[in-house]
**Q** 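This is the structure I want to talk about, given as structure tokens.
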Amino acid sequence: MQWKKYWMWLISLFYVLVPTLSLAQETVTAAPLSPEAIKWGFIAAAIAVGASSLGAGIAVALVGSSAMGALSEKPELAGRALIFLGLAEGIAIYGLIVAIMILGKI
Amino acid sequence: MLPAAAKYGYLNAKVRALRSRKLTQEDHHFLLAAKDLPACLSYLATTSYSSCLPEFEQEAPELRFLERQLARPLLTDYAKVIRSLRGAKQQEVILALFRRFEAENLKILLRAQFAHLTREAVSHLLYPIAHISRLPWETLWACTSIQQCIDHLPPDIFGRSLQNALPQFDAQGRLFPLEMALDFSCFHLLWEAIYGLGKSYNRTVSKNIIALYIDILNTLWVIRLKIEYQLPAEEIVNYTIPGGNIISLTCLNSLARVQDITMFINLLPHSFHQQLSEIKDWGNIDRSLEAYFLHYLARVFSGQPFHIGIAVAYLLEKEIELSNLITLLQMKALNFTIKESLARLSWQLQENGYVPAS
């Protein structure tokens with residue numbers, strides 16, 4: 001059983017180190033971006049945040065109205081309804097993360 | 001899908017929440033196992049029907065005064081569903097469904113006028129619909145004759161159809177033509193509202209539910225008019241409602257002429273025939289068809305969720321639950337045994353509701 005433990009450690013190390021090293025390499029070898037690329041990067045980040053916020057807005061509207069419908073009859077469902085509202089709200093956060101990643105590359 | 005979700009998301013969630021308040025299998029078990037009517041009513045007071053039950057210490061209230069009051073939760077649900085719908089056309093479908101209760105109250109009003117009874121004498125037979133109904137009930141009850149009553153009705157479908165049936169009433173001297181006119185106008189209104197939905201999924205689902213409901217009603221009316229009233233086949237066909245989906249007028253005509261129950265069942269369309277294949281008694285057909293209808297309504301809830309059919313299916317389900325509950329209470333009042341009661345309740349209660357003690 002001992003060898004199984006070592007293998008697990010090795011695999012974990014691989015998944016942690018490889019992306020870190022590759023990122024480090026990128027920061028070392030990254031060439032300066034052209035103004036055109038920077039412009040498109042900003043536009044992409046804006047679209048990512050805007051579109052995801054719009055999607056989250058629609059999702060919250062749908063989930064929220066449904067939650068209100070259910071809560072008006074069964075107030076004890078409030079906790080569960082909030083979880084689903086949080087999931088809908090999460091869509092905006094995905095967009096924000098993508099935008100931060102894009103901006104990090106510029 | 002997205003516009004439908006935006007339009008019916010609230011309604012769908014609300015209706016499902018309302019549906020969760022229906023009597024459960026456990027409730028049915030305890031209601032059936034209750035030793036008498038007061039025990040049954042005491043248990044009922046712990047369910048969603050508690051709001052419409054009067055408080056009592058030892059002697060239970062008379063059942064005939066309770067029956068219509070038990071419809072209060074159903075009628076409140078009608079009001080909630082109507083408020084939850086955004087489009088006027090969608091609201092019309094539920095309002096048309098609700099107007100059957102208005103028609104029932106109108107029938108009681110006409111019968112009271114006919115028999116020279118006061119409002120107080122028949123008040124226990126009236127559905128509590130004042131919070132939704134648009135009819136001028138105070139004016140109608142103040143009238144002194146049937147003619148005056150019909151004149152005071154708004155010129156909508158009820159007013160028009162009763163005016164048209166008035167010569168028949170005068171000629172026959174009985175209320176039957178007026179009552180049939182009200183029944184027909186209810187379903188006419190319902191079809192108008194459903195066709196007003198346009199060629200949408202909404203219309204298809206609502207149309208299928210109502211058409212099946214009409215098919216079942218027609219089948220049961222044919223049996224009732226043939227067995228109980230022994231009317232001739234031509235007259236029976238005249239009293240059936242148009243708009244069924246699987247039972248044609250020709251089929252209804254044949255059904256009205258048949259005397260043997262096996263032949264009657266064989267003449268029915270395949271889906272009904274399958275359901276009734278083991279029935280040997282006329283009295284069992286209604287419960288079996290009710291069970292079939294309940295299965296159909298339950299299927300509506302497992303399909304696409306965002307449409308008005310969800311509300312229609314729920315309200316009809318609740319109506320059947322109410323009629324079963326009243327039957328059960330009546331049997332408790334008459335001291336029927338559990339076995340006798342089960343034989344008179346619909347399939348859902350028989351199969352799932354009561355778990356005999358081992």
Side-chain angles (χ1 to χ4, degrees), chain A residues 37-106, chain B residues 1-24 27 46-52 72-87 90-91 94 131 301-315 317-318 321:
Chain A
I38 292 170
K39 184 182 87 182
W40 283 110
F42 280 127
I43 291 170
I47 289 172
V49 171
S52 65
S53 300
L54 200 68
I58 293 168
V60 168
L62 295 180
V63 177
S65 71
S66 300
M68 283 297 121
L71 289 179
S72 61
E73 295 305 324
K74 289 181 84 91
E76 65 269 23
L77 291 176
R80 282 186 229 176
L82 273 177
I83 295 171
F84 288 104
L85 265 174
L87 287 176
E89 192 58 51
I91 299 169
I93 297 169
Y94 299 143
L96 191 70
I97 291 168
V98 170
I100 289 169
M101 285 168 74
I102 293 168
L103 292 175
K105 300 261 181 189
I106 296 171
Chain B
M1 184 77 173
L2 207 61
K7 206 168 185 179
Y8 295 106
Y10 181 83
L11 175 81
N12 179 42
K14 194 169 185 88
V15 165
R16 282 175 197 270
L18 288 171
R19 196 171 183 245
S20 71
R21 286 209 206 135
K22 276 179 63 193
L23 295 177
T24 60
D27 293 332
T46 64
T47 65
S48 57
Y49 288 90
S50 61
S51 58
C52 55
R72 201 177 282 277
L74 170 68
L75 295 164
T76 310
D77 288 355
Y78 264 98
K80 285 178 179 175
V81 168
I82 290 168
R83 278 200 304 268
S84 307
L85 282 163
R86 287 185 198 165
Q90 285 79 6
Q91 278 187 348
I94 306 298
H131 58 304
F301 284 91
S302 56
Q304 212 257 78
F306 305 115
H307 54 84
I308 199 173
I310 292 273
V312 174
Y314 164 69
L315 292 167
E317 253 187 2
K318 180 92 179 167
E321 178 190 89

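Chain A is the first sequence line, chain B the second, and so forth, proteins listed ahead of strands; every chain is numbered from 1.
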**Q** Where do B/L2 and A/L62 land on the side-chain contact (heavy atoms from CB on, under 4.5 Å) test, with the steps shown first?
**A** CA-CA 9 Å; B/L2 207 61; A/L62 295 180; 3.7 Å; yes
**Q** Quick one: CD1 on A/I102 to CD1 on A/I97, what's the gap to the nearest 0.5 Å?
**A**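 A/I102 atom CD1 to A/I97 atom CD1 measures 12.0 Å (nearest 0.5 Å).
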**Q** Write down the atom of B/P305, the atom of B/I310, and the distance for their closest heavy-atom approach.
**A**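 In terms of heavy atoms, the two residues are closest at O-CG1, 3.3 Å.
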**Q** Within this structure, what is the CG-CG distance for the pair B/L18 and B/L11, rounded to the nearest 0.5 Å?
**A**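 So the gap between those two atoms works out to 9.5 Å.
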**Q** Tell me, do B/V15 and B/F301 make a side-chain contact under 4.5 Å, heavy atoms counted?
**A**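 Side-chain contact under 4.5 Å: yes.
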**Q** What distance do A/L103 atom CG and A/K105 atom NZ have between them, rounded to the nearest 0.5 Å?
**A**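 Rounded to the nearest 0.5 Å, the CG-NZ separation comes out at 12.0 Å.
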**Q** Hey, what donor-acceptor pairs show up under 3.5 Å between chain A and chain B?
**A**
| unit_1 | atom_1 | unit_2 | atom_2 | d |
| --- | --- | --- | --- | --- |
| A/S66 | OG | B/G9 | O | 3.3 |
| A/S72 | OG | B/K14 | NZ | 2.8 |
| A/E73 | O | B/R21 | NH2 | 2.7 |
| A/E73 | OE1 | B/R21 | NH1 | 3.3 |
| A/E73 | OE1 | B/R21 | NH2 | 2.8 |
| A/E73 | OE1 | B/K80 | NZ | 3.0 |
| A/E73 | OE2 | B/K14 | NZ | 3.1 |
| A/E73 | OE2 | B/K80 | NZ | 3.3 |
| A/K74 | NZ | B/S20 | OG | 3.2 |

**Q** Under 4.5 Å heavy-atom distance to chain B, tell me which part of A/L77 shows up: side chain, backbone, both or neither.
**A**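 Contact with chain B is absent: no heavy atom of A/L77 under 4.5 Å.
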